[in-house]
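Quick note on labels: first sequence line is chain A, next is B, and so on, each numbered from 1. Because the structure is a prediction, the values reported are computed rather than measured.
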There are 2 protein chains.
Amino acid sequence: MEVRRDVFQAIADPTRRAILTMLTLQALTPGAIAANFNSSRQTISKHIQILAECELLRHHYSGREIYYQLNPVKMKEIADFIEPFKALWDTRLNQLDEILKQLKNK
Amino acid sequence: MEVRRDVFQAIADPTRRAILTMLTLQALTPGAIAANFNSSRQTISKHIQILAECELLRHHYSGREIYYQLNPVKMKEIADFIEPFKALWDTRLNQLDEILKQLKNK
DNA sequence: TATATTTGCAGTCAAATAGCTGCATATATG
DNA sequence: CATATATGCAGCTATTTGACTGCAAATATA
């Protein structure tokens, strides 16, 4: 479980996507995050580690607690990959708009 | 290799991302796609199947050749996931802008 | 100080992944 | 019709994944 570790691999897992979404609202401790899942605390902790390793999460200590928070900028790597495709589907939608307009004019 | 099969899992593999990018320009046959990689034709073909299964690719026949083309709209699922995070990193960038403006004014 | 809580790390295991080869099928081409 | 080309499918294998449990360390709390 030690080789590929990038943003794309990180968001491939639905549990990890849920964790990311959960952290859009506020920073949380591993315990608090794990409380929302059926999996064991250690399993969730491992997911958190993976997210942290590829810098999707940052953390800061507060006594024995560790608060994990989003690093949303890192998500930009995914947005950058999507961007060129976005242009393509926009084009298709625009073409559809054109067709609809022409139909209306008839 | 038969269970999870969604867009996020599909783009987790770098080879599959390369295939998708390759197909932004034009529809291609499996043979033509495979020619761009070091992996075997069958291996690339399997990646194509995976992309097709989750509807990221469509295909049409031309004699014995099969042309695969992008279905960019399907990529929107990823964009939709990214969207809320985009707001967050935009906020941070905007805040940075504010700070820079204030520094300039001093 | 003794005990409880929060967390990370190491180890195990079944299932999934991604690569390979071999073979069958369908369509061009000579 | 015989051969070459394009493709998909089945089966094998090493590696990776994601789940689990157990344990150690650090910090609160009684």
Quiz item: B:Lys46 side-chain donor-acceptor pair to D:dG8 base, under 3.5 Å:
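Answer is no: no donor-acceptor pair is held.
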Check side-chain contact (heavy atoms from CB on, under 4.5 Å) between B:Glu77 and all other residues, then give those that pass, not counting sequence neighbours.
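Here the qualifying residues are B:Val7, B:Lys74.
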Counting only non-hydrogen atoms, which of residues 59-66 of chain B are less than 4.0 Å from DNA chain D?
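Correct list: B:Arg64, B:Glu65, B:Ile66.
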Quick one, which residues of residues 18-42 of chain A touch DNA chain D with a heavy atom under 4.0 Å?
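Those residues whose heavy atoms fall under 4.0 Å from DNA chain D, taken from residues 18-42 of chain A in numerical order, are A:Ser39, A:Ser40, A:Gln42.
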Can you check the [X] [atom1] to [N] [atom2] distance for me, whole Å?
X	N	atom1	atom2	answer
B:Asp13	D:dT17	CG	P	11 Å
A:Glu53	C:dG8	CD	P	12 Å
B:Ile50	C:dA16	CD1	C1'	11 Å
B:Tyr67	D:dA6	OH	P	10 Å

Taking only residues two or more places apart in sequence or in another chain, which ones pass ring-ring contact (aromatic ring centres under 6.0 Å, His included) with B:Phe8?
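ring-ring contact (aromatic ring centres under 6.0 Å, His included) list for B:Phe8, sorted by chain: B:Phe81.
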Given D:dG8, C:dA18, C:dC9, the nucleotide with the shortest approach to the side chain of A:Gln49:
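For A:Gln49, the side-chain atoms sit closest to C:dC9.
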Side chain of A:Thr43, heavy atoms from C-beta onward: which of D:dC20, C:dG8, C:dA18 has the nearest atom to it?
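Closest nucleotide to the A:Thr43 side chain: D:dC20.
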Residue pairs involving residues 44-63 of chain B (criterion ring-ring contact (aromatic ring centres under 6.0 Å, His included); sequence neighbours excluded):
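Matches after skipping sequence neighbours: B:His59-B:Tyr61, B:His59-B:Tyr68, B:His60-B:Tyr67.
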OP1 or OP2 of [N] versus the side-chain N and O atoms of [X]: is any pair under 4.0 Å?
X	N	value
A:Gln9	D:dT17	yes
B:Tyr68	D:dA6	no
B:Arg5	C:dA16	no
A:His47	D:dT17	no

Residues in side chain to side chain donor-acceptor pair (under 3.5 Å) with [X], at least two apart?
X	value
B:Glu55	none
B:Gln42	none
A:Asp80	A:Lys76

Sequence neighbours excluded - side-chain hydrogen bond (donor to acceptor under 3.5 Å, both in side chains) pairs with any residue from residues 19-34 of chain B:
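Output for this query is empty, none listed.
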Main chain of B:Ile11, side chain of B:Arg17: is a donor-acceptor contact present, judged purely on distance under 3.5 Å?
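Yes, because the side chain of B:Arg17 sits within donor-acceptor range (under 3.5 Å) of the backbone of B:Ile11.
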Expected output: side-chain A:Arg58 to main-chain A:Gln69 donor-acceptor under 3.5 Å:
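No, the answer is negative, given that no donor and acceptor are paired below the 3.5 Å cut-off.
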